Amino acid sequence: MSNSSTPDPLDQFVALSAILTGIAADKLHPQLDTHGTAAAYLAYATQQGGSAFTGLLALYAQNSTQPPDTIAKLILQQSGQATANIAQAVTLMWYLGAWYPPAGLAAYQADQSVPAPFVVISSDAYTQGWAWRVGQAHPMGYSDLRFGYWNGPPQALADLVGGS
Amino acid sequence: MSTQYDVVIIGAGISGALIAKQLGAAGKTVLILEAGLDGQGSYAGYLERFYLAQAKVPESPYTPPIVVADAQGIQNPSNPSTLAVGRPTTLTLGANWQDPSQAYLDQQGPLAFASTYERVGGGTMRHWLGTSLRFVPNDFRVKTTYGVEEDWPISYNDLEPWYGKAEAEIGVAAAVADQDYLGITFGPGYEYPMPPIPGSLVDQAVATGIANLPPVEDIKLDVSNTPAGRNSIPYQNRRQCAGNTNCIPICPIQAKYDPTVTLADALQYPTVSILYQTVANEIIVDANGQVSGINYLQYDDPNGPATRNGSVSATRYVIAAHAIETPRLLLMSTNNGTTPNGVANSSGHVGQHLMDHPIYLSWALAKDPVYGYRGPLATGGIESMRDGAFRSKHAPFRIEIGNEGWNFPIGDPYTTTLDFVLGTNASQLNPGKTPLYGSGLVGALNTALTRQFRLGFLMEQTPDDDCAVTLSPTFKDRLGLPRPRIRYNFSDYTKMGFVVAKRTATQIYGAMDAHEYTLAPDPSLLGKDPTVFSITYDSNDVPVPDGTAGATTAYFRYFGAGHVVGTYRMGTDSTNSVVDSQQRSWDHSNLFLVGSGVFPTVATGNPTLTLAALALWAAQTIVADLG
């Protein structure tokens, strides 16, 4: 969306998020973004994720012309656990509206008997969680659907998550 | 303010609200004392607290907050000794179940009482599901028919007209044609106030799958639409259900009935008033054996001490404070030693026979998508095994079909999402432990979530002597009042219901060609995890001692249904019950004890509709008493 030579950090964040989540950039950050989720998440991750998060954005910026799959593998498989964990925290933020500190994710990967700690980012974030929509449903306790909808099939997955 | 009323009611839940409304309509003067905070006008705050809760447990929206956040923002159970009005939470059923700095109940075991309640205007029905089943006729005569448990002093036919009145007040959506099973009858021309809530695709998949299932213990299983206290059309100035899949803990649009609806109606009468943050702490009995007053404490800060005390008097008294707080109040009321065993307790039965519908929870992936996480939390069930000859041998149960995927069993979609993102396998759905991203993540998660469903088997627990509410000699709340102490266990009859439930679940999944993922607890958890028990039985399903040659030992984890029942049961005799069939104390004729505590058995349906019917009946009796 930015025409300047310096990429817009929000656009970069959304493009990276689309690669990680599998949800189209124009769904994560629609032109008319009434919830402002992408901007809120960028701010939140910048604050909570510290240098790991800014490093993740820089790694993406350096490789943004690569094919998406190459970028994803570079981040998740070839740049160390700390980079993978911050990227996974970003993915989970979109899916669950919650922030999972990366150190907690690393601990959980080693031992699932102790739940990974998390904080719900905001009530708005909870209601915009993508996990439920990927399940062709809606966050529990938040729906704009109407009486009886559950008696029939849901909206198609492709319509919900966008992309090709 | 006057301190003399026709009736004083303790508790502003469903029973108290229904009775207050009936008395108000009859022009009687009524004062309600509610221990908790005002439940009116704070709906947005409840929703916000729910959305931000890390554990979206039934208590999570309500006040005072059941958790406090630490410096990292992680929410932990509030310390009940700091709360003027404490309450239990399902967050204290793990290793912390006997930690008095987290658990409100002083649980003595051997098993944990796993259900919880609210202390707030509107009561525990703030977080109810909405299930409004009538009991079946044999529930009221189970001793006579099957030689087990206890008979009620009333019959289904006695209660039938009151069921209809309760269904009108709650606003129940159902059709008579779907509900006239196992002997349930309706008055001539009766119709429910609203048409049924449509069934879910999960209900349809289960119904289709079991159509050709052979009978289980001679019982043909069928899926029934579940009567619900949710609006299928606009009713009582409230909206039609929009399927937010969140009846528990809170309907975001109040399409689900809760008792603040009736309470608001009651308070419209000029003779009905309420005091919130007012904790009854003693029932005063005079020399003639009549209740002559209620002493109470008031607090300003939910985290603070009592700031005032007072006393009120009335002609009739109604205790409607639930099956744990009601016996707590009765037992606390020793009248300086003149009622050393508490009020209304000449039988010694106050606090005895605490019950629940312990749940056997099972879960599976359907062959094809069933699209859970949509619609009300439950719209259908299998009611077929609520009654039958097998009741002489093991507990009956109803089967609730969940519409919320694996949210109840494993906390999904969180657990499975973490598995696919992180490459873990806590859900059992990522056995290759492959971390996913992009379209692979979307596809795997969609395949999992759209096929998930669960069945919950609500067991009729027997009324047993080793399940009781007493007063903790050790732990107090912020007001200095003793917290409830609980003893809890299951009989072999109850446990054998779990054995049959497990077997039945597996048969249902087999008939559906679904893949079962139910996890039995590891045997090493027995005696360590307070929600795990075992049962050993022979090839005829007869319980036998552990270690018997050829016998099978099964291990189960159970969950609470939120059905807090028993503890001041009704009966035919003052020596074996606390109240008579009118819910009047045998010992004090101007004292009524109402709510699910009067149930002699927990029966086979969710308790709300029955306790509401009984409350309406009690209201009529009280009006007649007052003349």
Side-chain angles (χ1 to χ4, degrees), chain A residues 18-23 68-69 72-73 75-77 84-85 87-88 91-92 95-101 105 108-109 112 115-120 122-127 129-132 134-154 157 161 163, chain B residues 47-48 50-54 56 69 72-74 197-201 204 232 240-246 249-252 255 369 371-376 379 403-405 407 411 413-414 416-418 421-426 435-443 445-446 448-450 452:
Chain A
I19 291 170
L20 294 171
T21 61
I23 297 155
D69 208 48
K73 285 182 171 144
I75 290 169
L76 293 167
Q77 298 169 12
N85 285 151
Q88 288 160 339
T91 309
L92 293 170
Y95 269 84
L96 299 168
W99 180 255
Y100 287 77
L105 294 181
Y108 183 76
Q109 282 172 311
Q112 289 98 58
F118 68 92
V119 173
V120 180
S122 67
S123 53
D124 207 39
Y126 172 78
T127 64
W130 279 95
W132 293 270
V134 164
Q136 291 170 268
H138 57 83
M140 295 173 73
Y142 182 82
S143 166
D144 54 8
L145 299 165
R146 294 193 179 182
F147 177 76
Y149 76 85
W150 55 88
N151 191 237
L157 178 62
V161 302
Chain B
L47 267 178
E48 178 77 1
F50 164 76
Y51 288 141
L52 295 177
Q54 288 153 20
K56 293 183 167 25
Q72 283 72 46
I74 303 303
I197 300 275
S200 67
L201 299 185
Q204 292 173 28
S232 63
Q240 201 178 26
C241 172
N244 278 277
T245 326
N246 211 60
I250 185 167
C251 173
Y371 300 113
Y373 301 94
R374 300 164 78 241
T379 43
N403 288 336
E404 83 300 1
N407 180 261
Y414 291 84
T416 298
T417 302
L418 260 67
V421 171
L422 300 175
T424 52
N425 189 34
L436 299 173
Y437 59 88
S439 58
L441 173 60
V442 168
L445 193 58
N446 176 264
L449 296 180
T450 58
Q452 293 179 345

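Treat the numbers as computed from the prediction; the structure is a model and nothing was measured. Naming convention: chains lettered A, B, ... in sequence-line order (proteins, then strands); numbering from 1 in each chain. Worth knowing before you read on, the calculation uses all heavy atoms, side chains too, and leaves out hydrogens, waters and symmetry mates.
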Given B/L418, B/T379, B/L47, the one with more heavy-atom pairs under 4.5 angstrom with chain A than any other is B/L418
Please look at A/Q88 and chain B and tell me whether the side chain, the backbone, both or neither of the residue comes under 4.5 angstrom of a heavy atom of that chain. both
About how many Å separate CE of A/M140 and NZ of B/K56, when rounded to the nearest 0.5 Å? 10.0 Å
Greatest number of heavy atom pairs closer than 4.5 Å to chain A - which of B/L449, B/V442, B/L441: B/V442
Measure the spacing between CZ of B/R374 and CG of B/N244 and express it to the nearest 0.5 Å. 13.0 Å
Under the 3.5 angstrom rule, does the side chain of B/T245 hit a backbone N or O of B/P376 as a donor-acceptor pair? no
Would you give the length of the straight line joining atom CG of B/L445 to atom OG1 of B/T416, rounded to the nearest 0.5 angstrom? 7.0 Å
Relative to chain B, which segment of A/T91 carries a heavy atom at a distance below 4.5 Å: side chain, backbone, both, or neither? side chain
Please classify the contact between A/D69 and chain B as side chain, backbone, both or neither, with a heavy-atom cut-off of under 4.5 Å. both
Checking heavy atoms, do the side chain of A/L157, its backbone, both or neither come under 4.5 Å from chain B? side chain
What part of A/P68 is in contact with chain B, defined as an atom under 4.5 angstrom from a non-hydrogen atom: side chain, backbone, both or neither? neither
Report yes or no: does B/Q452 contribute a side-chain atom to a donor-acceptor pair with the main-chain N or O of B/P413 at less than 3.5 Å? no
Measure the spacing between CG of B/L422 and CG of A/N85 and express it to the nearest 0.5 Å. 7.5 Å
Answer yes or no: is there a donor N or O on one side and an acceptor on the other, between the side chain of B/T424 and the main chain of B/A426, under 3.5 Å? no
Given heavy-atom pairs under 4.5 angstrom as the criterion, report whether the side chain, backbone, both or neither of B/N407 touches chain A. side chain
Please flag which part of A/Y100 lies under 4.5 Å from any non-hydrogen atom of chain B: side chain, backbone, both or neither. side chain
Rounded at 0.5 Å granularity, tell me how far CG in B/N403 sits from CG in B/L201. 9.0 Å
Interchain contact, B/I250 with chain A, by part (heavy-atom threshold 4.5 Å): neither
For the interface with chain A, which of B/S200, B/C241, B/G73 has the highest count of heavy-atom pairs at distances below 4.5 Å? B/C241
Do B/T450 and A/Q136 have side-chain N/O donor and acceptor atoms under 3.5 Å apart? no
Which atoms of B/A53 come close to chain A, meaning under 4.5 Å heavy atom to heavy atom: side chain ones, backbone ones, both, or neither? backbone
Polar side-chain atom of A/Y149 near backbone of B/G243 as donor-acceptor pair, under 3.5 Å: yes
For chain B, which candidate among A/L76, A/L96, A/T21 shows the most heavy-atom pairs at distances under 4.5 Å? A/L96
Heavy-atom contact with chain B under 4.5 Å, split by part of A/A116: side chain
Under a 4.5 Å heavy-atom cut-off, does chain B meet the side chain of A/F118, its backbone, both or neither? both
Answer with side chain, backbone, both or neither: which region of B/Y373 has an atom nearer than 4.5 Å to a non-hydrogen atom of chain A? both
